[in-house]
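See structure below.
Chain naming here is simple, since letters A, B, ... match the order of the sequence lines and numbering starts at 1 in each.
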Protein chains: 2
Amino acid sequence: MELTERKKKVLRSVVDLYIRTAEPVGSKAITELPDMNYSSATIRNEMAELTAMGYLEQPHTSAGRVPSAVGYRLYVDELMAEYRLSIDETKSINSAIEEKMNKVDKMVEKVARLVSQATDLPAISVASRCGGVTIRRFDLILAGVGSIIVVLMLSSDEVVNKLIRLPVQMDESDLKILSALLNATMTDLDISAFDGNLLERVMRSAGAGASLVPVIMEFAVDTLQKQCGTNMAVAGQMRILGLPEYRDVDKAQKLITSLDEESLAGLPAVLNNVNGTQVLVGPENVSRELKDTSVVMTKFDIGDGMQGMIGVVGPTRMDYAKVTARLSYFAESLSKMFAKPEQPQIAEGTSGKEE
Amino acid sequence: MELTERKKKVLRSVVDLYIRTAEPVGSKAITELPDMNYSSATIRNEMAELTAMGYLEQPHTSAGRVPSAVGYRLYVDELMAEYRLSIDETKSINSAIEEKMNKVDKMVEKVARLVSQATDLPAISVASRCGGVTIRRFDLILAGVGSIIVVLMLSSDEVVNKLIRLPVQMDESDLKILSALLNATMTDLDISAFDGNLLERVMRSAGAGASLVPVIMEFAVDTLQKQCGTNMAVAGQMRILGLPEYRDVDKAQKLITSLDEESLAGLPAVLNNVNGTQVLVGPENVSRELKDTSVVMTKFDIGDGMQGMIGVVGPTRMDYAKVTARLSYFAESLSKMFAKPEQPQIAEGTSGKEE
DNA sequence: CTTAGCACTCAGGGGTGCTGAGTGCTAAAA
DNA sequence: TTTTAGCACTCAGCACCCCTGAGTGCTAAG
């Protein structure tokens with residue numbers, strides 16, 4: 001059987017209506033659409049064939065039709081009308097993004113929240129960077145009674161610090177020597193270079209501060225490791241409670257728990273395969289738990305070799321056009337924001353006390 | 001009418017059973033309890049009187065009884081058996097707490113999550129400190145091409161830093177002079193002392209670095225302000241979905257949103273009135289939205305003049321004994337942890353880039 | 001003061017029947 | 001050949017009703 005233009009038109013109408021109403025769509029509803037100059041009988045015939053071809057499904061004999069996963073696939077790939085963001089929408093997205101975002105982890109959280117808000121669906125945001133970051137510079141500051149602050153400046157322009165209690169007595173000049181040594185031997189190295197070998201070499205030349213070297217090195221490795229890791233945040237899980245398909249609490253609960261960060265641990269791995277905006281319909285999905293939902297995700301760039309991803313999870317019947325439009329716009333704006341030639345640049349950070 | 005011992009016993013049984021089953025409790029169910037050597041008729045009489053006295057309520061004529069808010073009040077104040085934490089429970093709480101918690105905001109989040117997990121209810125965690133923190137020390141570090149890192153060490157032992165691009169050329173000795181000046185004039189001052197007056201005075205003596213002073217001072221004020229603020233986190237909102245009273249999605253959603261947003265902004269203010277563990281039953285509650293739930297909260301100490309609070313929100317029918325036990329234990333452990341004479345102390349922090 | 005007994009109430013579950021939206025098929029119209 | 005009108009059929013959802021059983025209050029006897 002062939003997929004004629006008219007069949008496509010009907011299919012599209014069914015999906016559109018179903019997205020709007022979340023109810024099976026009957027032939028009559030279709031005929032009432034503008035631009036649909038056929039009788040309900042004709043539509044019925046077409047729908048019967050679309051059902052036979054697997055694009056539509058029928059919950060029970062005397063109900064209307066519901067798009068199948070295959071139907072959705074076709075819809076997002078070919079039929080969906082482009083959704084144009086209104087000025088209000090772009091404005092609200094922009095103002096949301098423009099709030100300052102200091103640290104990567106905070107940023108990820110905030111983005112997730114923003115995306116969720118913009119789409120009214122649960123959202124996921126991931127940022128990951130692997131390798132490439134090095135320590136550009138060490139500074140040691142004497143901090144009163146027997147402790148020092150180690151300040152690391154990273155190639156990514158982030159600055160981290162740590163307070164270390166001194167195991168031995170040291171004075172300002174000792175510190176100067178030690179920091180010169182560190183800057184000479186341990187800067188601009190990839191994380192893999194920090195091994196026992198390096199430690200030994202540095203300690204041999206360290207003199208008075210030798211006992212500090214392992215602690216500092218551990219801190220350095222820790223920091224680089226953290227840089228390398230993946231940050232992920234989920235927000236707005238409870239938004240699904242507003243959707244008719246999740247009136248059933250059990251269903252909602254199942255989905256919500258499967259959206260928890262731990263169960264999405266596998267997601268960052270998918271990141272590499274994504275390009276542009278991608279839609280995963282129902283069973284095509286990443287994880288089994290999500291198999292009767294759809295996921296829309298987009299990648300964006302964060303400079304410094306970092307990559308980000310934002311995505312939303314929703315019912316298969318979500319408004320793909322709108323969601324993809326918002327998501328793409330969001331991703332674009334974020335990319336732009338990170339690419340922006342840095343303003344009078346100022347970085348800021350806090351540190352607690354305690355290990 | 002008098003509240004005899006037997007009436008109390010009956011009331012207690014009703015509450016206990018209702019906590020377990022979430023269903024109205026009938027006279028027969030009570031007689032079946034061990035230690036209840038009366039017939040159902042007697043119990044019925046007692047229950048009728050308890051109802052008349054306002055401790056119990058009857059959803060409809062032919063249903064069992066449900067505790068009223070007053071009844072719950074009496075229960076938590078007098079009748080409730082103490083719940084003893086099992087070794088497993090204390091162990092899991094301890095191990096949860098012992099994970100390191102670096103920064104205050106992260107800490108607050110983590111605590112909320114832990115409490116929620118321990119009680120299987122939505123949890124709130126607040127940490128607030130007002131005043132008292134000062135800057136103990138300034139350090140300026142030259143950071144390559146025309147920028148410096150300002151490092152503030154606070155009286156609370158926290159260390160914060162910020163990268164500032166230099167508006168003018170400065171060398172190491174300029175910085176030394178400036179930092180000496182800052183340390184001489186701006187340390188150990190309460191936040192209120194940072195006014196235009198001080199700024200002017202410092203700038204007059206600053207020489208080469210004068211143009212930096214406003215930026216640094218702004219950063220200092222910002223930092224102190226942040227120290228002074230309140231951190232709050234909510235976690236586990238969706239746990240209510242597991243409770244029979246929230247099978248109704250609309251109800252659940254209402255509660256969740258009233259927990260979610262900073263609709264709880266007023267809560268920190270309550271903190272001062274709390275002492276020890278406190279139970280708010282139904283209509284006694286803080287905010288109108290929570291009026292048919294109960295809140296249990298406990299205060300704890302974080303040293304440095306900081307105060308913390310943890311609390312959970314749940315149905316009026318929650319297991320007060322268990323929840324208060326867990327919460328108190330949690331609070332105690334936290335207090336202990338923060339009071340602990342600092343180990344080989346090491347503090348750590350990160351900083352982003354960007355303002 | 002306690003308890004057995006009895007009449008009464010009423011929420012909730014299970015059947016029954018109706019309604020209306022939707023279908024497929026057929027035969028007539030275009 | 002394609003479209004449409006008409007008709008018989010299906011079935012989820014709702015309203016209705018009845019019945020059951022858990023629970024009650026009251027009374028009178030122990």
Rounded interatomic separation in angstrom, taking [atom1] from [X] and [atom2] from [N]:
{"X": "A/Glu49", "N": "D/dT3", "atom1": "CD", "atom2": "C1'", "answer": "13 Å"}
{"X": "B/His60", "N": "C/dC10", "atom1": "NE2", "atom2": "C1'", "answer": "6 Å"}
{"X": "B/Lys28", "N": "D/dG23", "atom1": "NZ", "atom2": "P", "answer": "7 Å"}
{"X": "A/Asn37", "N": "D/dT2", "atom1": "CG", "atom2": "P", "answer": "19 Å"}
{"X": "A/Glu57", "N": "C/dG22", "atom1": "CD", "atom2": "P", "answer": "18 Å"}
{"X": "B/Glu32", "N": "D/dG23", "atom1": "CD", "atom2": "C1'", "answer": "13 Å"}

Handout entry: Single hit among A/Val312, A/Asp120, A/Thr277, A/Val115 for side-chain contact (heavy atoms from CB on, under 4.5 Å) with A/Val323
Key =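 With A/Val323 as partner, A/Val312, A/Asp120, A/Thr277, A/Val115 yield a single side-chain contact (heavy atoms from CB on, under 4.5 Å), made by A/Val312.
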
Practice task
Report the nucleotide, chosen from D/dC11, D/dT24, D/dA5, that has the shortest atom-to-atom distance to any side-chain atom of A/Ser39.
Solution key: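 Nearest nucleotide to the side chain: D/dA5.
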
Problem - Among D/dT4, C/dT9, C/dT3, the one nearest A/Asn45 by side-chain distance - result: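 Output: D/dT4.
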
Handout entry: Salt bridge flag under 4.0 Å for residues A/Arg247 and B/Asp250
Key =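 A salt bridge is present here (some side-chain N lies under 4.0 Å from a carboxylate O).
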
Could you tell me whether the phosphate oxygens of [N], OP1 or OP2, come under 4.0 Å of any side-chain nitrogen or oxygen in [X]?
{"X": "A/Ser27", "N": "C/dG22", "result": "no"}
{"X": "A/Thr42", "N": "D/dT4", "result": "yes"}
{"X": "A/Arg65", "N": "C/dT23", "result": "yes"}
{"X": "B/Arg6", "N": "C/dT2", "result": "yes"}
{"X": "B/Ser62", "N": "C/dA11", "result": "no"}

Handout entry: Derivation of the side-chain contact (heavy atoms from CB on, under 4.5 Å) call for A/Leu50 and A/Leu3
Key = CA-CA 8 Å; A/Leu50 282 168; A/Leu3 193 62; 3.9 Å; yes

Practice task
Side-chain contact test, heavy atoms from C-beta onward, threshold under 4.5 Å: evaluate it for A/Val15 versus A/Tyr72 and give yes or no.
Solution key: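 Result yes, sub-4.5 Å side-chain heavy-atom pair found.
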
Handout entry: Most 5' of A/Gln58 and B/Glu46 on DNA chain C, judged by nearest nucleotide
Key =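 Per heavy-atom nearest nucleotide, the more 5' residue is B/Glu46.
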
Practice task
Check every strand shown and say whether A/Ala41 touches a base, only sugar-phosphate, or nothing at a heavy-atom separation below 4.0 Å.
Solution key: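 Counting heavy atoms under 4.0 Å across all strands, the contact made by A/Ala41 includes a base.
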
